[in-house]
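Not measured: the values here are computed from a predicted model. Convention: sequence-line order gives letters A, B, ...; per-chain numbering from 1. Heavy-atom basis, side chains included; hydrogens, waters and symmetry copies ignored.
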2 protein chains.
Amino acid sequence: MNKISLTYPIENSHHVACRDCALHPVCDPTPVGNIALDISETLVSKKTPVKAGEVIYQEGQPFEDLYAFTTGSAKEVWHYNQPEQQVISFKIIGELAGQNAIANGIYPYTLVALEDSSICTIRYQDLLNSAKSLPHLLTKVIQLLSVDSHHESEIRKSFAIATNAEAKVRSFLYNISSRYKNRGRNHIDIKLSMSRSEIASYLGITKETLSRSLTLLQNKGLVESSGKFIHISNFDLLSRHEESI
Amino acid sequence: MNKISLTYPIENSHHVACRDCALHPVCDPTPVGNIALDISETLVSKKTPVKAGEVIYQEGQPFEDLYAFTTGSAKEVWHYNQPEQQVISFKIIGELAGQNAIANGIYPYTLVALEDSSICTIRYQDLLNSAKSLPHLLTKVIQLLSVDSHHESEIRKSFAIATNAEAKVRSFLYNISSRYKNRGRNHIDIKLSMSRSEIASYLGITKETLSRSLTLLQNKGLVESSGKFIHISNFDLLSRHEESI
DNA sequence: CGATGGGTTGATCCGTATCAACTGAAGTGG
DNA sequence: CCACTTCAGTTGATACGGATCAACCCATCG
């Protein structure tokens, strides 16, 4: 394969525009004019840098903040201290983290930055307080959570459908690529910030099987992979879950 | 095994009390006194009967209502018309359905009653309208959705952890049992309203493997199963996901 | 009473885990 | 600046678990 095709700059490294961020509906409540600016200023602390490997919140810790990634990415893991830690989800640029803590008031998992990133933080209690004067804010939060709920069931669906390892990997790549696409970013040439072992843990397969599946997909001309860089050769074929490809 | 131990009446068949229903926070917004009663009366249409096999909503249909089961249960399926339909989730007594439609305004899956049931219906738009005068209602909705989000990621976690079929079945039974327990119902003797094939589809295994796993769990003294009736002999052991049992 | 369909049990084959060896890239120190 | 170390990732060989196909059991219903 031609390595050169993968070496041109990847967009992932740039800051996401505020309008493409998961928190945007909250940061920018359109209907209220210049009050909106105040909200955004006071409610959201913007673009704090975090280092690769840094823990943003820890499982068991009391819930306080929601986070959105404006650069970089993270993994959500269970049993962070255990030898065999389970990867629960990946958060990429523009996405929200911490929603699953609202239910019990405790972060159920640990969030760890996969690379040097920057995050916007919103204090949930402040959000609720502001909502007393701006009820419209709450419907935005509801929208955010519902998107999340749907997102989760989509993932679970594709997992249940995926009979073999290759299908799991395919749906993972499609899922990641779609998420970049939905944020208006380059979804054809992607840098995977997580390791093979982390992907494997997430998919419930071994890293060896993951590696083999990737070469299979490559031989079928669906993707070209070179280390952390993945080129999606055929986006539409990736989504099809028929066995016969 | 002693069949008699499984034949005494199962509580599942009784109506759930309003206070144990997922919609309860919405039906009964405590802080507003006698206005609350009006809300509950006008917003929620109560305990409509549905027959086994009846479709409550269909995938692709525009989102209008949230549903809560006061008796009975349902399955959420994808590709309802296809020969191989995929089971996405099960809804049991007291639980909410339809939340995952808020995001896109369309029901992503089809909801089918597994047995004769009765449901409370709430028109989402009416709920939002009422919220203009009672913003507190919206925080309740947020709470509902967050519980759902957490619930989903819990399930996905246990699936990723479950290396073999037996562990999947074990975590499924633990999950169902816990849900009855959380609603203050009998979680030791359970009637599974869904078929083996439906459970298998949900778990992503075959019905044969499911059957074998059940007998394994039975031999280990964790459960006693007789057709649709399951007796949880050791609730705590069921939750442990260590291989060595 | 025989038919039907859900559920269980059995035998075989294939896919993935496991264990092991190897490769290559990145980082370290002389 | 280059050997040495180290670790992520890939490739190979074997063993085991689950899918598949098939037969059988049993409850329900006409």
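Counted by atom type alone, B/N100 and B/E152 present zero donor-acceptor pairs between their side chains at under 3.5 Å. Donor-acceptor pairing under 3.5 Å is recorded for the side chains of B/E76 and B/Y57. Donor-acceptor pairing under 3.5 Å is recorded for the side chains of B/E59 and B/T110.
As a whole-Å value, the separation of A/L203 CG from C/dA17 C1' is 15 Å. In this entry the distance linking CD of B/Q218 with P of C/dG7 reads 15 Å, nearest Å. The interatomic distance linking A/K207 (NZ) with C/dC22 (P) rounds to 17 Å, in whole Å. A/E166 places its CD atom 17 Å from the P atom of C/dC14, with the value rounded to the nearest Å. Between B/R196 atom CZ and C/dT8 atom C1' there is a gap of 9 Å when expressed in whole angstrom units. Whole-Å rounding puts the A/F229 CZ to C/dG24 P distance at 19 Å. Taking atom CD1 of A/I205 as the reference point, atom P of C/dT18 lies 12 Å away to the nearest angstrom. When the P atom of D/dG9 is taken as reference, atom CG of A/L192 falls 10 Å away, rounded to whole Å.
Put simply, the side chain of B/R212 and the base of D/dT20 share a donor and an acceptor less than 3.5 Å apart.
Between B/F159 and A/F159, the ring centre distance reaches or exceeds 6.0 Å.
Nucleic acid contact for A/K228: sugar-phosphate only, since backbone atoms but no base atoms lie under 4.0 Å from a heavy atom of the residue. Among the atoms of the strands shown, base atoms are found under 4.0 Å from some heavy atom of B/T206. Residue A/L214 is classed as having no contact, given no heavy-atom separation below 4.0 Å to the nucleic acid.
Taking the nucleotide of DNA chain C with the nearest heavy atom to each of A/A165 and A/E208, the more 5' of the two is matched to A/A165.
For B/S211, the listed nucleotide lying nearest its side chain is C/dT9; candidates were C/dT9, C/dT16, D/dT11. Closest contact between the side chain of A/N164 and the listed nucleotides C/dT16, D/dT11, C/dG7 involves C/dT16.
Atom CD of A/E224 is separated from atom CG of A/D189 by 9.0 Å, given to the nearest 0.5 angstrom.
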